[in-house]
Amino acid sequence: MSIIENPSPEFERQFIQAINARRKLKANKPKFVITSNQVADSNEDDHSKQVILTVRSIQSLLLSCADKAPRGHDSGWSKILRIQKLQQILVININGVSDKNYAKLKDTEQFQKWNRLFTSENICRTFRFHTQKNISLIKQFSKIAAKPKSANQSQDSSIVTSKAEQLSTRKRQRDENEKPALQHFQRPCSDQFSRIHLVLNLKQLLSGNYPCPIYNPYKQFKGIKSSYKPITSSSRILALDVETFEDINHRQIPYWISIVNEELKCVYQVLIKPDEEQQLAEYQQRREQVLSMVPDLDERSLKEVRKDMKNLFDDDTILAGHSIENDMKYLQFYYPYIIDTSIIFNVSGTRFQKSSLQKLYAIFFGRLIQKTRLEHDPTEDARATMELIQLKLCNSLNFGDWFLGGVDHLKVLGNYDSLQLNESVEECRTFLTETKFGLHEDFFKKIRQQDKALIIEQTPVNDRTSLRTMEVSSNREAYQAGLEQLPKHEFLWIQFYLAANSVDDDESLMKICKYTKQLYRSLREDSIIIGIFTEFNDSFSRCFVRFKDEEKFTPLIIDGHEYPHDLKLIKTNG
């Protein structure tokens with residue numbers, strides 16, 4: 001650091017102008033930001049504190065960079081500010097460094113050169129993410145889970161009515177087949193722990209935006225009971241689900257409610273007639289569809305529904321649902337004893353990302369629900385919710401929670417199309433095609449659409465991708481090809497390899513670190529570099545993220561002369 005003591009007022013003025021100009025320039029450059037507090041807090045090597053990401057987490061980050069679209073591919077854990085300013089994407093994949101190897105290497109003096117390369121503002125952005133054993137990373141990256149169709153996708157009303165009529169007979173037949181099974185229903189097992197532990201506490205209710213009387217937006221909501229008793233291990237659980245439609249003001253209006261008990265019997269199911277006339281036309285269309293599938297349903301007002309629930313619930317009843325805070329808002333009530341399957345089950349690996357009921361049920365029961373939107377019966381969802389709760393009670397508090405280590409990670413990493421589903425092949429195929437549930441798109445095909453993209457891979461290429469690939473025969477050739485191709489491409493993925501049992505060979509690893517540093521220097525300003533450590537037989541990989549921002553190291557120009565970028569001015573008493 002250079003220091004000038006007691007500068008002249010004119011020099012000090014020009015120094016401040018130069019610093020402000022640099023800050024203004026920096027404010028117009030792309031920046032990597034972690035949007036999840038949990039991920040930010042876990043940016044440490046202490047595994048007990050870390051939030052584990054997935055391959056899809058890194059894919060979403062790369063797709064956002066490739067498309068230069070901040071909201072096009074929501075990663076849920078990070079974003080790029082001023083992403084339109086991004087120049088290039090460089091991915092360095094070092095194959096052969098396991099998570100255990102990294103734990104040994106990270107404190108070595110030689111390896112600090114790698115860490116410093118990815119250190120910005122004194123923080124090394126490094127993250128662990130889950131991978132599948134015995135499958136190369138580049139092959140795993142080739143697939144990305146397809147997005148489902150929009151829930152608001154409109155359909156012609158005549159087609160909707162026609163399909164509803166076609167489905168009504170099949171649905172009634174299915175319900176008739178279910179009745180004998182429900183009549184002889186037996187709990188799969190006794191509770192292995194107290195159900196009290198599944199009930200959300202006050203902090204969870206408030207942070208999850210569940211209606212509470214002490215929370216201003218919901219003060220006008222009604223309580224179901226006037227008083228409550230403490231819950232116990234024998235308190236009843238009732239599962240609730242509500243179907244809604246959207247009115248002209250984009251509000252969700254409830255029109256169909258179902259509640260099931262622990263024997264999976266539907267103990268309450270009615271149509272909810274809206275109060276406002278402008279909603280009646282849409283309601284009548286929905287009413288006809290519902291009655292064609294489930295005849296003889298009663299109609300009740302919202303006020304009457306809440307009164308019925310008061311009579312149905314005991315003073316210590318536990319109410320369950322999936323993302324039930326939404327159902328509570330639709331029905332405009334609050335309740336103290338809540339179990340939410342979107343909270344007690346977690347297959348995403350992060351607390352901020354909930355999984356759909358449809359996905360959870362397919363993973364843990366191998367069966368399909370909600371096969372079409374028109375067959376979407378709230379009784380089916382309420383039963384699925386209750387079954388998931390009972391499955392959890394039969395196992396442990398950790399069961400079904402990735403964050404607590406109670407999930408088979410390899411089963412939920414996106415390969416839903418490989419699940420053994422207890423349905424006909426044709427029915428599964430139709431379901432998967434219509435919903436894109438379990439189907440995958442080609443990640444590298446999406447990258448290829450951006451043009452000027454290339455993979456540099458060492459021969460033999462066992463896992464070919466849809467992206468153009470240049471084959472080389474060694475790490476040195478991969479590095480040389482990278483230097484040559486970097487000026488011509490906006491996306492470059494380079495594969496380096498460490499031989500088996502050579503990770504402890506400092507020289508081999510340091511050569512790759514040296515190659516990476518030279519590639520970094522050749523990157524355009526405002527480019528992103530992502531380094532990845534992976535190992536074929538390991539369930540974890542590690543990535544490093546850094547934006548190239550070398551302009552902050554350019555000399556300061558003051559009074560026509562160059563001064564070091566880290567110049568400091570001080571005033572002494574003398």
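- Contacts of Ser233 classified as side chain to side chain donor-acceptor pair (under 3.5 Å), with partners at least two apart in sequence or in another chain: Ser194.
- There is a side-chain donor-acceptor pair under 3.5 Å between Thr379 and Asp377.
- Here the side chains of Ile324 and Tyr210 are in contact, with some heavy-atom distance below 4.5 Å.
- Taking a cutoff of 4.0 Å between a charged side-chain nitrogen and a carboxylate oxygen, Arg367 and Glu387 qualify as a salt bridge.
- The salt bridge (charged side-chain N to carboxylate O under 4.0 Å, His left out) contacts involving residues 267-284 comprise Arg251-Glu276, Glu282-Arg286, where partners must be two or more places apart or lie in separate chains.
- Going from atom CD1 of Ile318 over to atom CD of Glu262 covers 8.0 Å, rounded to the nearest 0.5 Å.
- At a threshold of 4.5 Å between non-hydrogen side-chain atoms, the residues Lys79 and Leu81 count as touching.
- Using cut-offs of 30° and 60° for the angle between ring planes, the Phe245 and Tyr255 rings count as tilted.
- Remark: Asp241 engages no residue in a side chain to side chain donor-acceptor pair (under 3.5 Å) (not counting sequence neighbours).
- Here Arg236 pairs with Asp314 under the side chain to side chain donor-acceptor pair (under 3.5 Å) rule; sequence neighbours left out.
- Checked for salt-bridge contact, Asp442 and Lys446 miss the test: no charged N lies under 4.0 Å from a carboxylate O.
- You'll find the side chain of Ile455 reaches within 4.5 Å of the side chain of Phe444, heavy atoms only.
- Arg300 is linked by a salt bridge (charged side-chain N to carboxylate O under 4.0 Å, His left out) to Asp308, counting only residues two or more places apart in sequence or in another chain.
- For Tyr361, the ring pair (Phe, Tyr, Trp, His ring centres under 6.0 Å) test picks out Phe365, with sequence neighbours left out.
- Glu325 and Asn209 share no side-chain donor-acceptor pair at under 3.5 Å.
- With Arg542 contributing its side chain and Phe129 its backbone, the two residues share no donor-acceptor pair below 3.5 Å.
- Looking at Val242 and Pro378, their side chains never come closer than 4.5 Å, going by heavy atoms from C-beta outward.
- Residue pairs satisfying the ring-ring contact (aromatic ring centres under 6.0 Å, His included) criterion with at least one member in residues 299-323, sequence neighbours excluded, are listed as follows: Phe313-Tyr335.
- In this structure, Asp316 has no salt bridge (charged side-chain N to carboxylate O under 4.0 Å, His left out) partners at least two apart in sequence or on a different chain.
- Residue pairs meeting the ring-ring contact (aromatic ring centres under 6.0 Å, His included) criterion with at least one partner in residues 271-297, sequence neighbours excluded, are absent.
- Within the model, atoms NZ of Lys222 and CE of Met309 stand 15.0 Å from one another, a figure rounded to the nearest 0.5 Å.
- In this structure, Gln269 and Ile259 have side chains that are not in contact, with every pair of non-hydrogen atoms separated by 4.5 Å or more.
- A 4.5 Å side-chain heavy-atom check between Asp401 and Ile344 finds every atom pair outside the cut-off.
- Every residue meeting the salt bridge (charged side-chain N to carboxylate O under 4.0 Å, His left out) condition with Lys225, not counting sequence neighbours, appears here in chain and number order: Asp315.
- Under the rule for a ring pair (Phe, Tyr, Trp, His ring centres under 6.0 Å), the partners of Phe221 that lie at least two apart in sequence or sit in another chain are Tyr218.
- When the ring pair (Phe, Tyr, Trp, His ring centres under 6.0 Å) test is applied to Phe141, the partners found at least two apart in sequence or on another chain are Phe443, Trp493.
- Counting heavy atoms from C-beta outward, Gln140 and Thr131 have side chains that approach closer than 4.5 Å.
- Inter-residue side-chain proximity for Asn537 and Asn134 is flagged as met; some heavy-atom pair is nearer than 4.5 Å.
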